[in-house]
J.: 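Below: one structure in structure tokens.
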Amino acid sequence: GEQVEQRPPHLSVREGDSAVITCTYTDPNSYYFFWYKQEPGASLQLLMKVFSSTEINEGQGFTVLLNKKDKRLSLNLTAAHPGDSAAYFCAVNNNNNAPRFGAGTKLSVKP
Amino acid sequence: GGIITQTPKFLIGQEGQKLTLKCQQNFNHDTMYWYRQDSGKGLRLIYYSITENDLQKGDLSEGYDASREKKSSFSLTVTSAQKNEMAVFLCASRRDSYAEQFFGPGTRLTVL
């Protein structure tokens, strides 16, 4: 079945540093991609979404890049701050009704 | 806008007990989901439902039952609670396969 691999599982950076989280997927019929943020003790909230390889979405200090040829999705943070400390999950939609989630990345931003 | 509510917020049960978790959404979304999240881990799909009275098994359905009584509500039953399934159970819904999911606040299950 569809596999979504997310790396790294843990990421620790200093305030102001950049951070990159990557997901790779296997199903060529995947067409909608999402990043969710889960703050400690809270539920998941949508951070960003991207639908095509020509689309680069930016917001809240993050950039999402999609490379459909390589089946790779990345979440890039250019200047981390402590409020970005959270778990981040990618999710991939394809033709079935259940999105596939990556295993998550726990990001820690130290002052 | 809309909201997903989950009840109860905290659920404490005895080993072997049957326990029910409830989820309500007012988005008018067709598809609803139940996930289990163990501490510090990712999401595992238990059941989902694409419409009223529909049920689809996820990767972790053994030991659980579900019920989609009406479009706005989706219940999950732990048929016989075990100590190794202490976790947070998250309910989610989405409009269609092109859309993002909206998540509820979760129910934290403790088994004594």
Side-chain angles (χ1 to χ4, degrees), chain A residues 1-12 21 23 25 27 29-52 55 57 59 64 73 75 85-108, chain B residues 1-7 9-10 21 23 25 27 29-52 54-61 66 68 74 87-108:
Chain A
E2 165 69 61
Q3 298 292 326
V4 178
E5 188 170 326
Q6 184 171 341
R7 290 281 185 266
H10 301 278
L11 184 55
S12 182
I21 302 170
C23 285
Y25 59 94
D27 186 348
N29 294 315
S30 301
Y31 46 77
Y32 289 100
F33 306 85
F34 305 88
W35 285 100
Y36 293 90
K37 178 180 181 181
Q38 186 178 33
E39 296 186 351
S43 193
L44 279 75
Q45 286 194 302
L46 179 70
L47 182 65
M48 298 185 78
K49 51 190 174 183
V50 61
F51 301 147
S52 75
E55 191 173 349
N57 278 355
V64 172
L73 174 69
L75 180 69
S85 295
Y88 293 85
F89 296 89
C90 64
V92 177
N93 283 12
N94 53 24
N95 292 327
N96 71 38
N97 287 301
R100 279 292 186 186
F101 279 82
T105 296
K106 190 170 181 183
L107 174 65
S108 175
Chain B
I3 193 168
I4 296 183
T5 55
Q6 290 187 239
T7 55
K9 189 173 173 65
F10 299 96
L21 294 71
C23 177
Q25 53 97 1
F27 290 101
H29 286 167
D30 285 322
T31 309
M32 296 185 73
Y33 303 83
W34 275 107
Y35 293 93
R36 172 176 153 176
Q37 187 176 32
D38 290 39
S39 182
K41 303 290 186 184
L43 279 70
R44 289 190 285 176
L45 181 64
I46 307 172
Y47 270 98
Y48 66 101
S49 167
I50 62 174
T51 189
E52 185 178 336
D54 174 74
L55 283 178
Q56 306 286 337
K57 290 184 178 182
D59 300 325
L60 197 67
S61 61
R68 184 83 180 272
F74 193 28
V88 174
F89 291 80
L90 294 172
C91 177
S93 70
R94 73 175 184 185
R95 184 187 68 232
D96 55 43
S97 62
Y98 306 98
E100 69 269 28
Q101 289 172 298
F102 291 82
F103 286 82
T107 291
R108 183 174 293 277

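Residue numbering restarts at 1 for every chain, and letters A, B, ... go by the order of the sequence lines.
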J.: Tell me, out of A/Ala103, A/Ala98, A/Pro99, A/Ala87, who's got the most heavy-atom pairs with chain B below 4.5 Å.
T.: A/Pro99
J.: Would you indicate whether the side-chain heavy atoms of A/Glu5 and A/Arg7 approach each other to under 4.5 Å?
T.: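 Yes, close enough: below the 4.5 Å cut-off.
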J.: Heavy-atom distance under 4.5 Å between the side chains of A/Asn93 and B/Arg94, does that happen here?
T.: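 A/Asn93 vs B/Arg94: side chains touch.
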J.: I'd like to check the ring pair (Phe, Tyr, Trp, His ring centres under 6.0 Å) partners of A/Tyr31; sequence neighbours left out, ordered by chain and number.
T.: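 Only B/Tyr98 meet the ring pair (Phe, Tyr, Trp, His ring centres under 6.0 Å) criterion with A/Tyr31.
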J.: Side chain, backbone, both or neither: which part of A/Ala42 has an atom under 4.5 Å from a heavy atom of chain B?
T.: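 Neither the backbone nor the side chain of A/Ala42 comes within 4.5 Å of chain B.
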J.: Below 4.5 Å from any heavy atom of chain B, which atoms of A/Gln6 appear? Answer side chain, backbone, both or neither.
T.: neither
J.: Non-hydrogen atoms of chain B under 4.5 Å away: do they reach the side chain of A/Leu44, the backbone, both or neither?
T.: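 It is both, since atoms from each part get that close.
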J.: Do you know which of B/Gln101, B/Gln56, B/Arg108, B/Arg44 has the most heavy-atom pairs under 4.5 Å to chain A?
T.: B/Gln101
J.: Side-chain contact test, heavy atoms from C-beta onward, threshold under 4.5 Å: evaluate it for A/Phe101 versus B/Leu45 and give yes or no.
T.: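 With C-beta onward as the side chain, the pair stays apart.
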J.: Please classify the contact of B/Asp59 with chain A as side chain, backbone, both or neither, using a heavy-atom distance under 4.5 Å.
T.: side chain
J.: If I compare all heavy atoms of B/Cys23 with all of B/Ile4, which pair ends up nearest, and what's the gap?
T.: SG-CG2, 3.6 Å
J.: Measure the shortest side-chain to side-chain distance between A/Tyr88 and A/Leu11 over non-hydrogen atoms and say whether it is less than 4.5 angstrom.
T.: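 They are not in side-chain contact.
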J.: Apply side-chain contact (heavy atoms from CB on, under 4.5 Å) to A/Gln45 and list each qualifying residue two or more places apart in sequence or on a separate chain.
T.: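 In terms of side-chain contact (heavy atoms from CB on, under 4.5 Å), with neighbours along the sequence ignored, A/Gln45 is linked to no residue.
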J.: Which of residues 32-40 of chain B have a heavy atom under 4.5 Å from any heavy atom of chain A?
T.: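 Hits under 4.5 Å: B/Tyr33, B/Tyr35, B/Gln37.
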J.: Mind checking what makes side-chain contact (heavy atoms from CB on, under 4.5 Å) contact with B/Ser49, not counting sequence neighbours?
T.: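 Scan of B/Ser49 (side-chain contact (heavy atoms from CB on, under 4.5 Å), adjacent residues dropped) gives B/Asp54, B/Arg68, B/Phe74.
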J.: Examine whether an atom of B/Ala99 lies under 4.5 Å from a heavy atom of chain A, and if so say whether it belongs to the side chain, the backbone or both; otherwise answer neither.
T.: backbone
J.: Can you check whether B/Gly104's main-chain N or O pairs, donor with acceptor, with A/Ser43's side chain at less than 3.5 Å?
T.: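 Between the backbone of B/Gly104 and the side chain of A/Ser43 there is a qualifying donor-acceptor contact (under 3.5 Å).
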